[in-house]
2 protein chains.
Amino acid sequence: MPRTKLSADARRAATVETVIGLAAATNPADITTAQIAAQMDVTQGALFRHFADKQAIWAAVMDWTATTLLARFDAVTGVTPIERLRAMFATHIDFVVTHPGVPRILFGELQRDGDALGKMSVRALMAAYRERVTNLLTEAKAQSLIAETVDIPAAATMFLGMVQGLAMQAMAASDFTTMPAVSGRLFDLFCDGLGVAK
Amino acid sequence: MPRTKLSADARRAATVETVIGLAAATNPADITTAQIAAQMDVTQGALFRHFADKQAIWAAVMDWTATTLLARFDAVTGVTPIERLRAMFATHIDFVVTHPGVPRILFGELQRDGDALGKMSVRALMAAYRERVTNLLTEAKAQSLIAETVDIPAAATMFLGMVQGLAMQAMAASDFTTMPAVSGRLFDLFCDGLGVAK
DNA sequence: AAAGGTAGTGACTAATTACTCACAAAAGCG
DNA sequence: CGCTTTTGTGAGTAATTAGTCACTACCTTT
């Protein structure tokens, strides 16, 4: 029983936060509405006052993730596009380390069949992400900061792959704390591939 | 009702194949024992004669995957270690394209809590994979085929990340057919990072 | 061909889980 | 304060699903 009632907006936000917290230690596919409610000190029924169904909860989580992550990307600063790319990479890693539940949920949504809502969100997020990376790479090439010959789509795929691979390897090891240490060296290697001057 | 009874071994093998087939189009977390049985023209009860529980089915799938994939890696040929690395990459992509259910199952197992059987298998597979990549990179460096300065652990992480990222992006797009086309260009970029002479 | 072991059946169960709804109580507004 | 709106309760329910088991039918071996 909640000491204080929350407004609908606040309750929804709290739900998203709770779900992400739970996902840090639990397989998202195994998270039940009962578990979420219990964690929030609320009954199960209360959840369905704010979300039409369980899917809507996942959709809200994905929404929050996309909004927050993209906002942080857009807040990134740096003199050269390469510096901004590096900052973006670090920002993303930091986000994942502080919210380990997020990649788990993301991967879980990706598993859904057909065109499920959650999957569409992930797709949109990845597309927006890719676009930002591509733009920075294009800018870098225009400024001759990277080799003229760089295959930009391939480089964008590799950039995304670095983050995703790192996240997967962290999940496999059940340890996200080592990510920041590896990430710098990984980005250096990426720069070598682009022919960035040092 | 099955036209012919199968031996226990054959039935287990058929089950693994069926599950991988189902996972190509269905979220592994949503695959039920009833579905598996139906697909095999067998009753649900029959499955539990060959597997102690559902977990055991996933474990068998992971076993098959690890064995098959590693065997293909070890069968790879090429004059230089770099050529072998490229062949390994292509082999993996080819495997994923012909068995799209496999990465989905793998990602699903990775989601499990704690030290679930399936997760341990994935972990072992990834470790064995990483070891092979590391060995080839070390060999390449010894033969001066790649820059002396290459950060081998980072390069191994990047190699795994390329495959995993590619698989994830294919899952997001629900389209595995474009993978081979991208993979060659991706590997070229990887070589640039290593400083491979062309 | 008879026997014995093995694969498969089919009907069952116990547990879980998303979702509902009539009612209660808190919040906020004039 | 008194009234309305909105949030939360608690006790459901219907559906799904992994796993069981006594029995049957097939296959192989001698």
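A, B, ... follow the sequence lines: proteins, then strands. Residue 1 opens every chain.
Rounding to whole angstrom units, CD1 of residue Ile57(B) and P of dT17(D) are separated by 14 Å. Here the C1' atom of nucleotide dG19(D) and the CZ atom of Phe51(B) are 15 Å apart, to the nearest Å. For Asp53(B) and dT20(D), the CG to P distance is 8 Å, given to the nearest whole Å. Nucleotide dT9(C) holds its P atom 14 Å from the CZ atom of Phe48(B), rounded to whole Å. Residue Arg11(B) contributes atom CZ, which lies 10 Å from atom P of dA7(C) at whole-angstrom precision. Going from atom CD of Gln44(B) over to atom C1' of dC12(C) covers 11 Å, rounded to whole Å. The interatomic distance linking Lys54(B) (NZ) with dT16(C) (C1') rounds to 13 Å, in whole Å. Between the C1' atom of dA15(D) and the CG atom of Asp30(B) lies a distance of 15 Å, rounded to the nearest Å.
If His50(B) and Ala52(A) are placed on DNA chain C by their nearest nucleotide, the residue sitting closer to the 5' end is His50(B).
Under 4.0 angstrom from either OP1 or OP2 of dT6(C) there lies no side-chain N or O belonging to Arg49(B). Of the side-chain N and O atoms in Thr33(A), none sit less than 4.0 angstrom from OP1 or OP2 of dT17(C). Distances shorter than 4.0 Å separate none of the side-chain N or O atoms of Lys5(B) from OP1 or OP2 on dC27(D).
In the model, Ser7(A) has no side-chain atom that pairs as donor or acceptor with a side-chain atom of Asp9(A) under 3.5 Å. For the residue pair Thr33(A)/Gln44(A), the side-chain donor-acceptor check at 3.5 Å is satisfied. Looking at Lys119(A) and Ser174(B), their side chains do bring a donor and an acceptor atom within 3.5 Å of each other.
Ring pair Trp64(A)/His99(A) is perpendicular by interplanar angle, where above 60° counts as perpendicular and below 30° as parallel.
For Ala46(A), the side-chain atoms get nearest to dG8(D) when compared with the rest of dG8(D), dA27(C), dG8(C).
Atom CD of Glu17(A) has 12 or fewer heavy atoms from other residues, nucleotides or ligands within 6.0 Å.
Backbone-only engagement by Thr32(A) is indicated by non-hydrogen atom pairs under 4.0 Å involving sugar-phosphate atoms exclusively. Within 4.0 Å (heavy atoms only), Leu47(A) reaches no atom of the nucleic acid at all.
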